[in-house]
Amino acid sequence: MDTITAFFSGKPTEQITQNVLGKLLSYQSPSGLVSGYIVEAEAYLGARDSAAHAYQGRRTAANEALYGAPGTIYIYTLHGQYMFDIAVQPKDEPQGILVRGLEPVEGIDIMTKNRGKTGSELTNGPGKLMSAFGIHDKQWNLTMINAGPIKIDLTTGRQPRQIVSSARVGVSRRGDATDAPYRYYVKGNPYVSGMKKRDVDLKTHGWADEPFDN
DNA sequence: GAAGGGATCAGCT
DNA sequence: GCTGATCCCTTCA
């Protein structure tokens, strides 16, 4: 079993979602390399999760990637924005992780140009981070992570000081699972969506290792 | 700096 | 037609 398969299966999706926090997500874009540490993600638990795209086994051309092998990339649009998911659990078990926030590392100049914004506004939301990466289509939907230009580095990365869980964003009036605490984020990181300025830890950005200057 | 509402569009039904 | 796993701008503090 390769490392991607092992990382994205064999344990509860809630746990995998917490494990991706601090991992480096990168994209070798036509304009250059862009990357960032994952600081916020949500778990979607498939057929039994009333907030999930695969609730009650719903399966269409659009959400087919959720049924793929662990590590399959699921890209879909919402309100004209592109969202980035990673399918987890074995093939035909349609669970997934939505990446909602990144702390930029490489290609910050490219992301600034793509977004027309600066600072935490670069990547503090699921549509924003895709826009920052310059991804405006579903070209990589259904492809495997680490097999193409989109990669996740499972061997290095940073350690969150504290992980906070909350209800998922944008899933009001979605049945029993509406209030389930399947959103996880790095406490105090400025690139978490909706993070209030007074809750940001300017010194560490919520990481346990080396401190920041800015 | 918080809150509210319009924009926007692919993928259903 | 209608609906969001959203974003952005405007308004009011």
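Among the atoms of the strands shown, only primed sugar atoms or phosphate atoms (P, OP1, OP2) are found under 4.0 Å from some heavy atom of A/R115. At the heavy-atom level, A/S193 lies nowhere under 4.0 Å from the strands shown. When heavy atoms are screened at a 4.0 angstrom cut-off, A/A51 is found touching base atoms of the nucleic acid.
Comparing C/dA5, C/dG4, B/dG11 by their nearest atom to the side chain of A/V171 picks out C/dA5. Considering only the side chain of A/Y44, C/dA5 comes nearest among B/dG11, C/dA5, B/dG1. Here C/dT6 is the nucleotide among C/dT6, C/dC9, C/dA5 with the atom lying nearest to any side-chain atom of A/M83. Listed nucleotides C/dC7, B/dA2, C/dA5 differ in distance to A/K196; the shortest reach to its side chain belongs to B/dA2.
A/K113 NZ: 12 or fewer foreign heavy atoms inside a 6.0 Å radius. Remark: A/D176 CG is loosely packed, at most 12 non-hydrogen atoms of other residues, nucleotides or ligands lying under 6.0 Å away. For A/K138, the NZ atom is densely surrounded, since the number of other residues' heavy atoms within 6.0 Å is greater than 12.
Distances shorter than 4.0 Å separate none of the side-chain N or O atoms of A/K197 from OP1 or OP2 on B/dA2. Between A/R59 and B/dC12 there is no side-chain N or O to OP1 or OP2 distance below 4.0 Å. For the pair A/R198 and B/dG1, the criterion of a side-chain N or O lying under 4.0 Å from OP1 or OP2 is not met. Residue A/T60 places none of its side-chain N or O atoms closer than 4.0 Å to OP1 or OP2 of B/dG11. Remark: A/H53 is in phosphate contact with C/dA5, judged by side-chain N or O atoms under 4.0 Å from OP1 or OP2. For the pair A/R58 and B/dT13, the criterion of a side-chain N or O lying under 4.0 Å from OP1 or OP2 is met.
Following rounding to the nearest Å, A/D85 (CG) and C/dG4 (C1') show an atom-to-atom distance of 14 Å. In this structure, the CG atom of A/L66 is 11 Å from the C1' atom of C/dA5, given to the nearest Å. In this structure, the NZ atom of A/K138 is 8 Å from the C1' atom of B/dA10, given to the nearest Å. For the pair A/N63 CG and B/dA10 P, the computed distance is 18 Å after rounding to whole Å. Counting to the nearest Å, the C1' atom of C/dC7 and the CE atom of A/M130 are 15 Å from each other. Across the protein-nucleic acid pair, A/Q81 atom CD and B/dA10 atom C1' stand 12 Å apart, rounded to whole Å. Nucleotide C/dC7 holds its P atom 9 Å from the CD atom of A/E121, rounded to whole Å. Taking atom CD on A/Q95 and atom C1' on C/dA5, their separation rounds to 15 Å, with Å as the unit.
The aromatic rings of A/Y82 and A/H136 lie perpendicular to each other, with more than 60° between the two planes, well past the 30° mark.
A distance of 6.5 Å separates CD1 of A/I75 from CZ of A/F84, quoted to the nearest 0.5 Å.
When every heavy atom of A/Y74 is checked against every heavy atom of A/N141, the shortest pair comes out as CA-OD1, 3.4 Å.
Residue side chain A/Y76 reaches the base of C/dA5 through a donor-acceptor N/O pair under 3.5 Å, judged by distance alone.
Base pairing of B/dG1 is made with C/dC12, judged by Watson-Crick or G-U wobble geometry with both donor-acceptor distances under 3.5 Å.
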